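Written out below as structure tokens is the structure these notes cover.
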Amino acid sequence: MTEVVSQQEMRDAFAMFYGMAMSLKDLAPPPEQLSDQERVSRAKAVYLKALDNGFATQLDACVHCGACAQACQYYIGTEDPKYTPIHKLDLMKRVYQRELSPLSWLLKPFVRDVTVEDLHEERHLAFEACTMCGRCNMVCPAGINIADMVAVNRAALAQAGLMPDELRFMVAEQTAEGTIFGADKDLFLFRIGVLEEKLGFKIPIDKEKADVMLVTSGLDIHLFSDATGGAVETLQHMGVDYTLLSDAYEGANFGALGGDDALKKKLTKKLTEAAIRIGAKTVIVPECGHSFPALRWGAAESVGHEVPFDVSTVSEYFGKAVMEGRLKLQAKDHPGIVALHDPCKVGRWGGVFDEPRAILKACGYNVKETESSRELNFCCGGGAGNFLIQEADQLKRVGYRIKMGEIEATGAEKLMVSCGSCRMNFEVGKVKAGDSMPVESLAAVIAAHLPANEGAKQ
Ligand code: SF4
Ligand code: SF4
């Protein structure tokens, strides 16, 4: 395997990228000028539509057992009751009680109407104090999908013009350009050229037909090209008929993270139509947690019909190939322990657990599970776009400390991750806390264990 990015290159890129991320707040376009009343009525319209679509029954189901509090990184790390997951839905519940409940005629005089101050408080809870990780969902005996309802909160706040500045910048950029962090087509093609030089083969771009469409992200283009390099090197090794597309390479979807449903659908549709155009049977999304659910569960809806392709994450695609014997990796002697982080959207939401473990086993690693793992794994602390929000900094560190504490307790000498946002949050957390745990991309790890190529194998 070729070293796609040296440690020094990675450190330089990280410093540059971190500086860019920290300037997003100042670069954000001015927020929409709305009166307090307009903000409240826009937010309430979003709540009422969601409540009509089935969320109302879930709000009524809570038995106030408190189990969700003990599942949430932010409650556990602060013991502040306002971070109890179900509390994050109080505003929506008030709208329900006043406007839709069968007892609304009785409750209305006793339940406060929504104010703009409530919306500001909810902004902190929905954007800065929740990564929509879904861990609370797993323990709720009433089966309440708190994370999805926090997504409704984000949509309500976006409509009310109260999206955090950083996400507003990202949404504006992706609305205008389709991609993020200035990773336009020229930069994408430039980075592909750099990868080609390092890898020593031509990477297929813009094939008219291909079985597999590989997607990358602005984060990987700038910072984690080892992940893209690992994926293309492994696909090449396997002899897969694949391509990247210069008009559909961005997997990130800040519509999904910012609560902008129209943008979320538009971005998903773009990837979906491109995959259909080239006859792809599989779309491999990058090591990017949220790009996976956005496409896997949004593709058919975005075009209004079933789609003729599967959506896989990098670790899922290659892990299945290992499990089915289609991809042989060369086990090396790794005497120490490694830990694996299950990204929330890939693991808990997508059920991808066995595949990354199969990869690491085939590479010869001794993987020790963290105290929480698989379905109940703790979030890295920076998911759902939080890793970019400066005002979430303190809470991000709370989440980071919990997860990194578990990782360190395994005695691991390195951490394997298959999500760029998790990786970014771990890297920033390490710098701020003075920790030193090396963090590696699973895609790069796979490529580092490819046997000498004896010809294309599929
Ligand atoms: S989704 Fe995660 S971060 Fe949000 S309330 Fe639930 S456990 Fe906490
Ligand atoms: S775990 Fe479920 S039922 Fe219990 S308090 Fe939380 S939301 Fe309510």
Side-chain angles (χ1 to χ4, degrees), residues 50-51 54-94 96-97 121-157 164 167 256-259 289-290 293 341-350 370-389 391-403 406 419 421-422 425 429:
L51 288 162
F55 282 122
T57 49
Q58 293 198 43
L59 281 177
D60 261 346
C62 177
V63 294
H64 309 289
C65 66
C68 54
Q70 298 306 328
C72 180
Q73 55 189 334
Y74 299 123
Y75 177 82
I76 294 169
T78 63
E79 296 190 352
D80 186 332
K82 77 177 177 202
Y83 296 133
T84 303
I86 193 67
H87 174 62
K88 293 165 186 169
L89 309 182
D90 280 357
L91 205 54
M92 196 186 311
K93 187 159 188 179
R94 274 167 44 199
Y96 169 66
Q97 288 174 327
E121 189 189 336
E122 194 62 48
R123 174 159 92 156
H124 172 65
L125 297 178
F127 283 105
E128 296 158 21
C130 180
T131 58
M132 300 190 288
C133 74
R135 194 168 192 267
C136 51
N137 296 3
M138 302 300 296
V139 302
C140 174
I144 301 174
N145 188 336
I146 298 169
D148 269 5
M149 285 197 268
V150 170
V152 174
N153 275 338
R154 286 192 174 202
L157 293 160
L167 297 188
L257 302 182
H290 76 270
H341 176 66
D342 292 305
C344 305
K345 303 294 191 302
V346 174
R348 187 158 36 250
W349 293 85
T370 51
E371 188 180 338
S372 74
S373 71
R374 300 178 74 99
E375 289 88 348
L376 283 175
N377 190 43
F378 275 111
C379 176
C380 65
N386 286 33
F387 74 103
L388 294 172
I389 303 175
E391 281 167 17
D393 204 48
Q394 218 177 336
L395 285 173
K396 271 182 272 183
R397 304 285 78 80
V398 165
Y400 165 85
R401 194 61 262 153
I402 290 173
K403 190 63 227 176
E406 286 192 346
C419 169
S421 302
C422 299
N425 199 55

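We count residues from 1, following the sequence as given. Just so it is clear, the values below take in all heavy atoms, side chains as well, and ignore hydrogens, waters and symmetry mates. One-based numbering, in listed order, for ligands and for the atoms of each. Note that the coordinates shown come from a computational prediction; the quantities given were computed from them, not determined experimentally.
Atom numbering of ligand 2 starts at 1 in the shown order; those under 4.0 Å from a heavy atom of Ile86 are 7 (S). Within ligand 2, counting atoms from 1 as listed, the ones closer than 4.0 Å to a heavy atom of Ile144 are 7 (S). Heavy-atom contacts of Cys130 reach the following atoms of ligand 1: 1 (S), 3 (S), 4 (Fe), 5 (S) (cutoff under 4.0 Å). Applying the 4.0 Å criterion to heavy atoms of Pro85 picks out, from ligand 1, the atoms 5 (S). Numbered from 1 in the order shown, with element, the atoms of ligand 2 that lie under 4.0 Å from a heavy atom of Pro141 read 1 (S). Close approach of ligand 1 to Lys88 is summarised as follows: ligand atoms under 4.0 Å from at least one heavy atom of the residue are 5 (S), 8 (Fe). Ligand 2 places these atoms under 4.0 Å from at least one heavy atom of Cys140: 1 (S), 2 (Fe), 3 (S), 7 (S).
Put simply, Cys72 gets within reach of atom 8 (Fe) of ligand 1, with an N, O or S atom under 2.8 Å from it. Here Cys136 reaches atom 6 (Fe) of ligand 1: one of its N/O/S atoms is less than 2.8 Å from the metal.
Proximity of a side-chain donor or acceptor of Arg135 to a complementary backbone N or O of Cys379 within less than 3.5 Å is not detected. Side-chain N or O atoms of Asn137 include one that pairs as donor or acceptor with a backbone N or O of Ala147 at under 3.5 Å. In this structure, Lys93 contributes its side chain and Ile86 its backbone to no donor-acceptor pair below 3.5 Å.
You'll find the side chain of Trp349 stays beyond 4.5 Å of the side chain of Pro293, heavy atoms only. Put simply, the side chain of Cys62 reaches to within 4.5 Å of the side chain of Ile144, judged on heavy atoms.
Close placement of the Tyr83 and His124 rings is indicated, their centers lying within 6.0 Å of each other.
Of the listed residues (Ala67, Cys62, Cys65), the one carrying the non-hydrogen atom nearest atom 8 (Fe) of ligand 2 is Cys62.
At least one heavy atom of Thr131 sits closer than 4.0 Å to an atom of ligand 1.
The single protein non-hydrogen atom nearest to atom 3 (S) of ligand 2 is Val63 N, 3.3 Å, given as residue, atom name and distance. Given atom 5 (S) of ligand 2, the protein heavy atom at minimum distance is Gly66 N, 3.3 Å. Shortest contact from atom 6 (Fe) of ligand 2 to any protein heavy atom: Cys68 SG, 2.4 Å.
No salt bridge links Arg94 with Asp90; every basic N to acidic carboxylate O contact stays at or beyond 4.0 Å.
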